[in-house]
Protein chains: 2
Amino acid sequence: MAAGRDKSKMYASDGRPRELKVDLVAVVAAVTDNDPRALTISQGSALPAGPFEMGHRSLQAGLRDWVEQQTGQALGYIEQLYTFADRDRIPEEQARRAISISYLGLTRDEWSEGGPPRDWQSWYDYFPWEDHRAGAPSIIADAILPPLRAWTEQQGGKAREERRQRIAIGFGIDGRPWNEELVLQRYELLYEAALVEEALRDGGGARAPHIPGRPMIADHRRILATGIARLRTKIKYRPVVFELMPPVFTLLQLQRAVEALAGRLVHKQNFRRLIEQQELVEETGETMSETGGRPAKLFRFRPAVLMERSAAGTKLSVSRS
Amino acid sequence: MAAGRDKSKMYASDGRPRELKVDLVAVVAAVTDNDPRALTISQGSALPAGPFEMGHRSLQAGLRDWVEQQTGQALGYIEQLYTFADRDRIPEEQARRAISISYLGLTRDEWSEGGPPRDWQSWYDYFPWEDHRAGAPSIIADAILPPLRAWTEQQGGKAREERRQRIAIGFGIDGRPWNEELVLQRYELLYEAALVEEALRDGGGARAPHIPGRPMIADHRRILATGIARLRTKIKYRPVVFELMPPVFTLLQLQRAVEALAGRLVHKQNFRRLIEQQELVEETGETMSETGGRPAKLFRFRPAVLMERSAAGTKLSVSRS
DNA sequence: ACGGCTTATACTCATTCGAAGCATAAGGAG
DNA sequence: CTCCTTATGCTTCGAATGAGTATAAGCCGT
């Protein structure tokens, strides 16, 4: 009910009205050396971001401005992710309230010509539990599940059962399959259980020891998780990987990029079948023999399909090996 | 580049800094009498909406407050839709800039007890071209495609081809199938072609005659289109229809609700198989014989699946008849 | 030159899933 | 008691999916 709002919070202790600030935050992704990366600032502790200002022509334009200004990286494809408000726990003295409108951008990790080098950081430095390309990381069983289970025990009855269920689904235990798309759910779980630094920072009260994984300022790690989740979902039904690829590539390189993003391996033969039957690529005629085996044909993306089939998909069929 | 921003726009002509306003806008959906409806205010000319204020505990909480205050309707399930900024064409004198954070809410169309009656309006009053349950509406061929084609002709070369393609995909012509999810793309097309009232209002300059379909204030009709599109997509992979159903229902009622939302018919037998094999419902033991044929079994939703399979889906398999 | 290693690419097979249609059951109306 | 209507059960067919086997084409060291 409207009665729930508390007018007193609209003013800071000095009597000035609190500001409502709108920030634009970018998750910019690229793949280099088979590692998915995010563009960061401040030595990897924050995502490119800045306030939305009156002069910006649009949200997207404002975002592009900030990213380019802070990192020198021009953006191609971008899409909106989510709009976050501050978490509940704002210190009383803090006389402003921030809204973060987040975007996902895809780009190639090109060299900056002049200007400072760009600060690309591997996703998995922030989310070491998300890379399952070499099987489930040991830190899940060693460092994550034990404290999560302890957290479960703090509750009784239905609430406990619900936590168990969320953990089982999120981390793929009790015979459930690992679902690489649940990046955000996993992070939120760890946040709620106060296993990530951000939770202690926000919530106060020392708690369980942290688990591995680099924190970020404010809720930037949460936003990054949202971006990764979105990309992992989208890659399955839209040919967005190509935004991250060089103009010419082999099918194995393409597959490695998809695997890097998804954090899991795909069945090679089926992957190729899918790509080719959807006519997403065409041969350049050239081949490449860098990897020691039979030379691979080089391909390029067929931009025609972008228009042709607005519903094309680069699905990945997961395998074990 | 940052240089693109124009600081002069940050101040109105009277020298005061322009305000940045954040609005919460709700698309609240229900199904009554086999018609999908949206909750509106002002005789159907606007969606429930209000500013996000400091006192709101969260975006969601603020939205619930406004909807309940303006319509008396309490909300259950809600999810964020999209965040819009004003369209480019703001009159120079207008000393504020608005951001709209939109949400989709699902509810049953229950009777308001006390308080004013709620203002539910059929989706298809706003988007008459979206209801294909009785085949493609004639207004598409009669009132929409001719001016759209004329609009196409205004351009030459590649741009013209691109418009053609967008129209073909959006409206399912040239042998393409109708895709009910492209609600927003269709509306944007009509907006760009200045065939909806909102475009004239925003853009100035009288143009082609309007096509049928009620307008709304600001960009509320665009937001409604976004909500419909989201719901039509989501219904296929998540059991969200049940939020819109009474506690007990027959399978045909369920099917009719899905059809109302999707704006197209589904294959009855396959629909039932899908619902039952996914164990989304259970029999109540009762039957209902209101429709003149064999009495139908009554079912209720099994909330257990919400937890069990976080990836369950109520897919709809489309048919022609 | 040749066997062995590596990667690329072609084909096969089984299972599931999706779309569509046929058949039967069980009420009410005339 | 027959016809109409709706409910519900079952088959069929083909496409898509997941997984495995087989073959090709380079390089490398001996």
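Just so it is clear: chains get the letters A, B, ... in the order the sequence lines come, proteins before strands, and each one is counted from 1.
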- Query: So what does B:L252 hit on the nucleic acid, given a heavy-atom distance under 4.0 Å: a base, only sugar-phosphate, or nothing?
  - Reply: sugar-phosphate
- Task: Kindly say if A:K268 contacts the phosphate of C:dT9, meaning a side-chain N or O under 4.0 Å from OP1 or OP2.
- Result: no
- Message: Please enumerate all residues that pass salt bridge (charged side-chain N to carboxylate O under 4.0 Å, His left out) together with B:R300, with sequence neighbours excluded.
- Response: B:E282
- Could you check how far CZ of B:F271 sits from C1' of C:dG21, rounded to whole Å? 19 Å
- Atom CD of A:Q277 and atom P of C:dA10: how far apart are they, to the nearest Å? 14 Å
- Query: For B:L274 and C:dC17, what is the distance between atoms CG and C1' respectively, to the nearest whole Å?
  - Reply: 10 Å
List, with names and distances, any nitrogen or oxygen atoms from the protein found under 3.5 Å away from nitrogen or oxygen atoms belonging to nucleotides 9-15 of chain D.
{"unit_1": "D:dG9", "atom_1": "O6", "unit_2": "B:Q269", "atom_2": "NE2", "d": "3.3"}

- Query: Given atom CE of A:M288 and atom C1' of D:dC27, what is their separation to the nearest angstrom?
  - Reply: 14 Å
- Message: Hydrogens and angles aside, do B:T107 and B:Q73 bring a side-chain donor and acceptor to less than 3.5 Å of each other?
- Response: yes
- Query: Rounded to the Å, how far apart are A:Q255 CD and C:dT9 C1'?
  - Reply: 13 Å
- Could you give the NE2-to-P distance, from B:H267 to D:dA7, as a whole number of Å? 14 Å
- Under 3.5 Å: donor-acceptor pair, side chain of B:R186, backbone of B:F171: no
- Tell me, please, which residues at least two apart from A:E276 pass side chain to side chain donor-acceptor pair (under 3.5 Å). none
- Message: Expressed as a whole number of angstroms, how long is the span from A:L265:CG to D:dG18:P?
- Response: 15 Å
- Note on the structure: Which of A:E130, A:E180, A:H132 passes side-chain hydrogen bond (donor to acceptor under 3.5 Å, both in side chains) with A:R264? Answer is A:E180
- Could you tell me which residues satisfy side chain to side chain donor-acceptor pair (under 3.5 Å) with B:S138, sequence neighbours excluded, listed by chain and number? none
- Message: Angle between ring planes, B:F242 versus B:F249, binned at 30° and 60°: parallel, tilted or perpendicular?
- Response: tilted
- Can you tell me the distance, in whole Å, between the CD atom of A:E286 and the P atom of C:dA8? 17 Å
- Note on the structure: Between A:E181 and the options A:K236, A:R232, A:R230, the side-chain hydrogen bond (donor to acceptor under 3.5 Å, both in side chains) test singles out A:K236
- Message: Using a 4.0 Å heavy-atom cut-off to protein, can you give one letter per nucleotide of nucleotides 25-30 of chain C, 5' to 3': B if the base is in contact, S if only the sugar-phosphate is, - if neither?
- Response: BBBS--
- Item | Pairing residues for B:Q255 by the side chain to side chain donor-acceptor pair (under 3.5 Å) criterion, not counting sequence neighbours | B:E259
